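Keep in mind that this is a model prediction, so the values were computed, not measured.
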Amino acid sequence: MSLPLLKLGAVLSTMAIISNWMSQTLPSLVGLNTTRLSTPDTSTQISPKEGWQVYSSAQDPDGRCICTVVAPEQNLCSRDAKSRQLRQLLEKVQNMSQSIEVLNLRTQRDFQYVLKMETQMKGLKAKFRQIEDDRKTLMTKHFQELKEKMDELLPLIPVLEQYKTDAKLITQFKEEIRNLSAVLTGIQEEIGAYDYEELHQRVLSLETRLRDCMKKLTCGKLMKITGPVTVKTSGTRFGAWMTDPLASEKNNRVWYMDSYTNNKIVREYKSIADFVSGAESRTYNLPFKWAGTNHVVYNGSLYFNKYQSNIIIKYSFDMGRVLAQRSLEYAGFHNVYPYTWGGFSDIDLMADEIGLWAVYATNQNAGNIVISQLNQDTLEVMKSWNTGYPKRSAGESFMICGTLYVTNSHLTGAKVYYSYSTKTSTYEYTDIPFHNQYFHISMLDYNARDRALYAWNNGHQVLFNVTLFHIIKTEDDT
């Protein structure tokens, strides 16, 4: 027998016991039938004709107790001992009725609970049976999904094989470099022991082969973003910080521009370490206020958008003056076509492995993003590409190897959602998430030298690492 039926049986049994007890005990509780009433002077025996009697007791169809009471033949209005006994009887029966009513309500509630539990158990049993039946179907489906993923990976096998071949070449190059180093050491000890001209030719040959190997690596495609690494916490919620991607390895200067408006002060630090410690090396007072946070330092000069205009300024740090300025034709400015966070971010200047770029929007392109490649000396637009992605729906954007990558938001949950290749003039929707640790990004730029993304995240200066997929050119590629 199931647990719910046992509970129901127990409740009904309890009701029967209470009913039986009522029929046997109730008369004695109130002194009916052969009850003696004591007075100071006399004792009177009450006969069945004169007293009250519980004639019978039973249960109705709903399980409630029913008592039949026989009234005496005398007048009920008298105030003798029998009338007092009647009142006591009525009070006790009333109390008993209330208790039984409460018990009845509890019984009904428990019964409904039992029915509900029984239904749930039947549902669980059906679900377990369904899971058992569907197990084979699910295994077949998962197997098919794995097979499809394997089919997608098959084209990568030739690329991996080429990587393995190049790895062997690099190993050979390392071995030859070690051999040449040993030879050069020997020459230092004993000049003339080897043919210098032959040694020089070997070095030139090795250099040529290394350069040919590097040329096989084309510009990379963004595959993954990791991090961030928090470098420093300073400034307001909005700002920009950057290094020069064309600087030498020994030149690690950092430039810092706090806020997106009403500022002309650029702070310079000799290294990342000095930037973290706050040791400024120099301060520049620009001739114009900037707009937004999308500035870039490229080949020793700062490129920024002049406040309340679509004019681009080129400012030389070494000379301390403006070298060029030019209006970006039709470009929206002053929060006409900003990124999702606003902040006069209408015009975004950036650099990558190919050169200098401007990203903005125009009325002619219905407020969608326009990409323009700029001449770094004259700021002339060399070529433009019109995309179909709305500028106001973009959180931030950056260029890598001539491809623009656009994020869908500046808030938590942001990801690289769209890319446009200027090489093929084609676009695709992507899904490359990254961790927006401090919840509000107001600057995101790629540095080709560091292979990293510089970001200003709600008053925190952070770095993201990027993983690029390089395609190796073969002799058959044109």
Side-chain angles (χ1 to χ4, degrees), residues 142 145-146 148-153 155-156 159 219-233 237-242 245 292-294 296 338-343 345 348 350-353 357 359 361 368-369 371 387-424 426-471:
H142 291 163
E145 290 177 354
L146 289 175
E148 291 173 358
K149 289 182 180 179
M150 290 299 297
D151 291 341
E152 292 176 1
L153 294 175
L156 296 179
V159 176
C219 232
K221 179 180 179 181
L222 180 64
M223 301 298 292
K224 186 179 181 181
I225 300 175
T226 55
V229 175
T230 301
V231 177
K232 189 176 181 180
T233 300
R237 293 183 65 193
F238 318 100
W241 71 296
M242 63 213 84
T293 58
N294 307 116
V296 64
Y339 288 128
T340 54
W341 65 275
S345 55
D348 192 349
M350 54 189 74
D352 67 353
E353 293 85 350
W357 305 85
V359 173
N368 294 323
I369 289 177
I371 307 170
T387 76
Y389 197 92
K391 178 73 160 52
R392 283 179 167 274
S393 297
E396 276 290 342
S397 67
F398 53 89
M399 295 286 292
I400 298 179
C401 297
T403 297
L404 179 70
Y405 294 93
V406 182
T407 69
N408 64 339
S409 173
H410 64 283
L411 302 173
T412 303
K415 62 182 178 180
V416 177
Y417 180 71
Y418 175 91
S419 67
Y420 186 95
S421 170
T422 58
K423 180 179 179 181
T424 61
T426 58
Y427 72 91
E428 66 176 331
Y429 289 97
T430 60
D431 187 7
I432 306 175
F434 60 93
H435 182 40
N436 189 349
Q437 185 171 354
Y438 302 108
F439 317 119
H440 190 291
I441 292 179
S442 59
M443 169 252 179
L444 188 65
D445 276 331
Y446 173 70
N447 186 293
R449 185 186 72 166
D450 300 336
R451 289 284 176 87
L453 292 174
Y454 283 64
W456 190 291
N457 195 338
N458 206 5
H460 301 78
Q461 293 74 52
V462 303
L463 288 172
F464 293 93
N465 292 319
V466 297
T467 300
L468 305 180
F469 179 72
H470 294 278
I471 305 297

> When rounded to the nearest 0.5 angstrom, what distance separates CE in Met242 from CH2 in Trp456?
Replying inline: 9.0 Å
> Are Lys415 and Asn408 close enough, and set up right, to give a side chain to side chain contact (heavy atoms under 4.5 Å, CB included), and what steps lead you there?
Replying inline: CA-CA 6 Å; Lys415 62 182 178 180; Asn408 64 339; 3.8 Å; yes
>> Within this structure, what is the CD1-OG1 distance for the pair Ile369 and Thr387, rounded to the nearest 0.5 Å?
In response: 5.0 Å
>> If I take atom OG from residue Ser419 and atom CD1 from residue Ile432, how far apart are they, to the nearest 0.5 angstrom?
In response: 7.5 Å
> Under 4.5 Å between any side-chain heavy atoms of Val462 and Val229, yes or no?
Replying inline: no
>> Is there a side chain to side chain contact (heavy atoms under 4.5 Å, CB included) between Ile225 and Val416? Walk through the geometry before answering.
In response: CA-CA 9 Å; Ile225 300 175; Val416 177; 3.8 Å; yes
> To the nearest 0.5 Å, how far apart are CD in Glu428 and OG1 in Thr403?
Replying inline: 8.5 Å
> Between Tyr420 and Tyr389, is the ring centre distance below 6.0 Å?
Replying inline: no
>> Please report the interatomic distance OH(Tyr427) to OH(Tyr418), rounded to the nearest 0.5 Å.
In response: 6.5 Å
>> Here's a test for you: under ring pair (Phe, Tyr, Trp, His ring centres under 6.0 Å), which of Phe238, Tyr438, Trp241 qualifies with His460?
In response: Tyr438
>> When you compare the side chain of His435 with that of Pro228, does any pair of heavy atoms fall below 4.5 Å?
In response: yes
> When you look at NZ of Lys221, are more than 12 heavy atoms from neighbouring residues, nucleotides or ligands closer to it than 6.0 Å?
Replying inline: no
> Relative to each other, are the rings of Phe464 and Phe434 parallel, tilted or perpendicular (30° and 60° limits)?
Replying inline: perpendicular
>> Measuring only between side-chain heavy atoms, which start at C-beta, is Ile371 closer than 4.5 Å to Thr422?
In response: yes
>> Is it true that Tyr405 and Glu396 share a donor-acceptor pair across their side chains at a distance under 3.5 Å?
In response: no
> OG1 of Thr430 to CG of Leu222: how many Å apart, nearest 0.5 Å?
Replying inline: 7.5 Å
> Within a strict 4.5 Å, meaning less than it, do heavy atoms of the Asp352 and Ile400 side chains meet?
Replying inline: no
> Any side-chain donor-acceptor pair under 3.5 Å between Asp450 and Tyr446?
Replying inline: no
>> Quick one, Leu463 with Val231, criterion side chain to side chain contact (heavy atoms under 4.5 Å, CB included). Give me CA distance, side-chain angles, the key distance, then yes/no.
In response: CA-CA 7 Å; Leu463 288 172; Val231 177; 3.9 Å; yes
> Side-chain contact, heavy-atom cut-off 4.5 Å: Leu404 with Met350?
Replying inline: yes
> So do Val466 and Lys224 actually touch side chain to side chain, heavy atoms under 4.5 Å?
Replying inline: no
>> Ignoring hydrogens and geometry beyond distance, is a side-chain donor-acceptor pair present between Thr340 and His410 at under 3.5 Å?
In response: yes
> Can you find a heavy atom in the side chain of Asp348 that is under 4.5 Å from one in the side chain of Asp445?
Replying inline: yes
> Does NZ or CZ of Lys391 lie under 6.0 Å from the centre of the six-membered ring of Tyr339, at an angle within 45° of the ring axis?
Replying inline: yes
> If we only count heavy atoms from C-beta on, is the Tyr417 to Thr407 side-chain gap below 4.5 Å?
Replying inline: no
